Number of protein chains: 2
Amino acid sequence: MNIGDVSARSGLPAKTIRYYEDIGLIKPLREANGYRAFREQELHKLAFLGRARALGFTIEDCRSLLALYEDKSRASADVKQIAQAQLDRIEAKIRDLEAMRETLSHLIENCAGDHRPDCPILEDLENGAHLVKASE
Amino acid sequence: MNIGDVSARSGLPAKTIRYYEDIGLIKPLREANGYRAFREQELHKLAFLGRARALGFTIEDCRSLLALYEDKSRASADVKQIAQAQLDRIEAKIRDLEAMRETLSHLIENCAGDHRPDCPILEDLENGAHLVKASE
DNA sequence: TTTAGGGGTTCCAGCTAGTGGAAGGTCAAG
DNA sequence: CTTGACCTTCCACTAGCTGGAACCCCTAAA
């Protein structure tokens with residue numbers, strides 16, 4: 001299998017696949033002409049990676065997960081721990097974004113959005129500016 | 001005011017302040033010894049930037065917002081449009097993260113997390129791998 | 001006077017996770 | 001033989017900083 005086939009079948013761009021080889025996530029063989037020769041094994045791993053990345057795991061998480069995936073005697077607790085850490089990060093991020101959403105949507109609601117210069121959005125940003133600490 | 005004072009009063013790291021000067025967001029004067037000489041004006045702008053960045057605006061958004069902030073004849077509609085675009089981005093991101101959270105939390109719930117190798121999390125990632133398209 | 005410390009300065013490199021593009025080799029079809 | 005679709009490597013770039021090296025400046029204490 002050439003990289004184009006693997007790309008089509010895994011859904012990952014060829015560039016990304018080359019990059020994953022670069023950083024050692026996969027190790028495809030080479031044909032005599034220098035082309036990468038992928039086995040089902042690598043295709044499998046790439047799809048695994050695509051799914052894990054879609055769930056927001058970092059590349060380093062993926063490296064660990066892939067190692068556990070290959071290790072048939074792994075403990076599920078190891079996997080669960082990585083997944084739980086990722087879930088925690090996701091939940092923290094959601095909370096951050098929700099706070100931003102609240103602030104922004106209130107500001108937007110209160111902005112006339114017309115030709116006049118009065119704007120509660122800028123006023124709020126400026127308020128940030130007024131929170132500047134006094135020099136002591 | 002030296003950079004250390006401005007950093008303390010705005011809450012932004014000195015490195016970040018230098019970076020903001022680098023990319024043209026602020027233009028502090030210079031003292032004879034080469035030190036940056038900040039006026040209240042720049043302190044104000046930096047706090048404005050800190051607030052805007054905390055709300056997730058990109059640097060380029062900040063550049064536009066700062067220009068509008070300085071332009072006393074601006075139309076609030078211009079500001080509102082930038083803020084609305086940002087709100088849309090935030091909401092899209094929240095939706096993405098919530099989908100990830102759902103998937104991950106179900107997987108984690110169903111994983112024993114013990115010494116045994118059976119793990120629904122890896123199975124799901126592997127399922128991604130089974131979604132690989134057949135070569136036609 | 002020297003020295004120590006705590007400022008400040010510039011510049012270069014690196015982080016994440018790729019993406020874009022140039023320059024060139026390979027292969028099958030017409 | 002040429003065209004066009006592949007493939008290769010390598011370098012540069014993205015956002016928004018952050019870390020570190022090497023060096024300058026200023027004050028105060030020994």
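So you know, we letter chains A, B, ... as the sequences are listed, proteins then strands, and number each from 1. Quantities reported herein were computed from a predicted structural model and do not represent experimental measurements.
Under the salt bridge (Lys or Arg N to Asp or Glu O under 4.0 Å) criterion, A/Arg101 pairs with A/Glu98, sequence neighbours left out.
D/dT18 atom P lies 10 Å from atom OH of B/Tyr19, rounded to whole Å. Straight-line distance from the CG atom of B/Asp22 to the P atom of C/dC11: 9 Å, rounded to whole Å. The CD1-P distance, from B/Ile17 to D/dG16, rounds to 17 Å in whole Å. If you take CZ of B/Phe38 and C1' of C/dG7, they are 14 Å apart, rounded to a whole angstrom. Note: CG (A/Leu49) to C1' (C/dG18) measures 14 Å, nearest angstrom. Rounded to whole angstrom, the span from the CG atom of B/Leu29 across to the P atom of C/dT9 amounts to 13 Å. The CG-P distance, from B/Asn2 to C/dG7, rounds to 11 Å in whole Å. The CD atom of A/Glu31 sits 13 Å away from the P atom of C/dT26 (whole-angstrom rounding).
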What's the verdict on side chain to side chain contact (heavy atoms under 4.5 Å, CB included) for A/Arg18 and A/Arg36, showing C-alpha distance, side-chain angles and the deciding distance? CA-CA 9 Å; A/Arg18 290 193 195 99; A/Arg36 287 171 183 82; 3.7 Å; yes
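Across all non-hydrogen atoms, the minimal contact from B/Leu65 to B/Val79 is CD2-CG1, 4.0 Å. Summarising the geometry of B/Cys62 relative to B/Leu49, their closest heavy-atom pair is CB-CD2, 3.7 Å, with the distance given to 0.1 Å.
Hydrophobic clustering (side-chain heavy atoms under 4.5 Å, transitive across Ile, Leu, Val, Met, Phe, Trp, Tyr) keeps A/Ile26 apart from A/Tyr35. By the criterion of side-chain heavy atoms lying less than 4.5 angstrom apart, applied directly or through intervening Ile, Leu, Val, Met, Phe, Trp or Tyr residues, A/Leu97 is grouped together with A/Ile108 in one hydrophobic cluster.
Counting only distance, with no hydrogens or angles, the side chain of A/Ser76 and the backbone of B/Cys119 share no donor-acceptor pair below 3.5 Å. Of the possible polar contacts, none joining the B/Asp124 side chain to the B/Ile121 backbone as a donor-acceptor pair under 3.5 Å is found.
Taking the side chain as every heavy atom from C-beta outward, A/Leu12 and A/Tyr20 approach each other to under 4.5 Å.
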Indicate for each nucleotide in nucleotides 9-14 of chain D, in 5' to 3' sequence, whether protein heavy atoms under 4.0 Å reach the base (B), only the sugar-phosphate (S), or nothing (-). BB----
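For residues 53-67 of chain A, proximity to DNA chain D is found at no residue, defined as any non-hydrogen atom under 4.0 angstrom from a strand atom.
Note on A/Ile3: only backbone sugar-phosphate atoms sit closer than 4.0 angstrom, heavy atoms only; bases stay farther off.
For residues 66-79 of chain A, every residue pair satisfying the salt bridge (Lys or Arg N to Asp or Glu O under 4.0 Å) rule, not counting sequence neighbours, is listed here: A/Lys45-A/Glu70.
A close approach under 4.0 Å does occur between a side-chain nitrogen or oxygen of A/Tyr20 and OP1 or OP2 of C/dG18. An OP1 or OP2 oxygen of D/dC26 is reached within less than 4.0 angstrom by a side-chain nitrogen or oxygen of B/Asn33.
In this structure, A/Gln81 places its CD atom where only 12 or fewer heavy-atom neighbours from other residues, nucleotides or ligands lie under 6.0 Å away. Within a 6.0 Å sphere centred on CZ of A/Arg116, heavy atoms belonging to other residues, nucleotides or ligands number 12 at most.
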Between protein and nucleotides 4-6 of chain C, what N or O pairs are separated by less than 3.5 Å?
none

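From one end of the helix from C/dT1-D/dA30 to C/dG30-D/dC1 to the other, with five pairs defining each end axis, the axis direction shifts by 40° (rounded to 10°).
Ion pairing between A/Asp22 and A/Lys15 fails under the 4.0 Å rule for side-chain N and carboxylate O. By the 4.0 Å N-to-carboxylate-O rule, B/Arg89 lies close enough to B/Asp61 to be salt-bridged with it.
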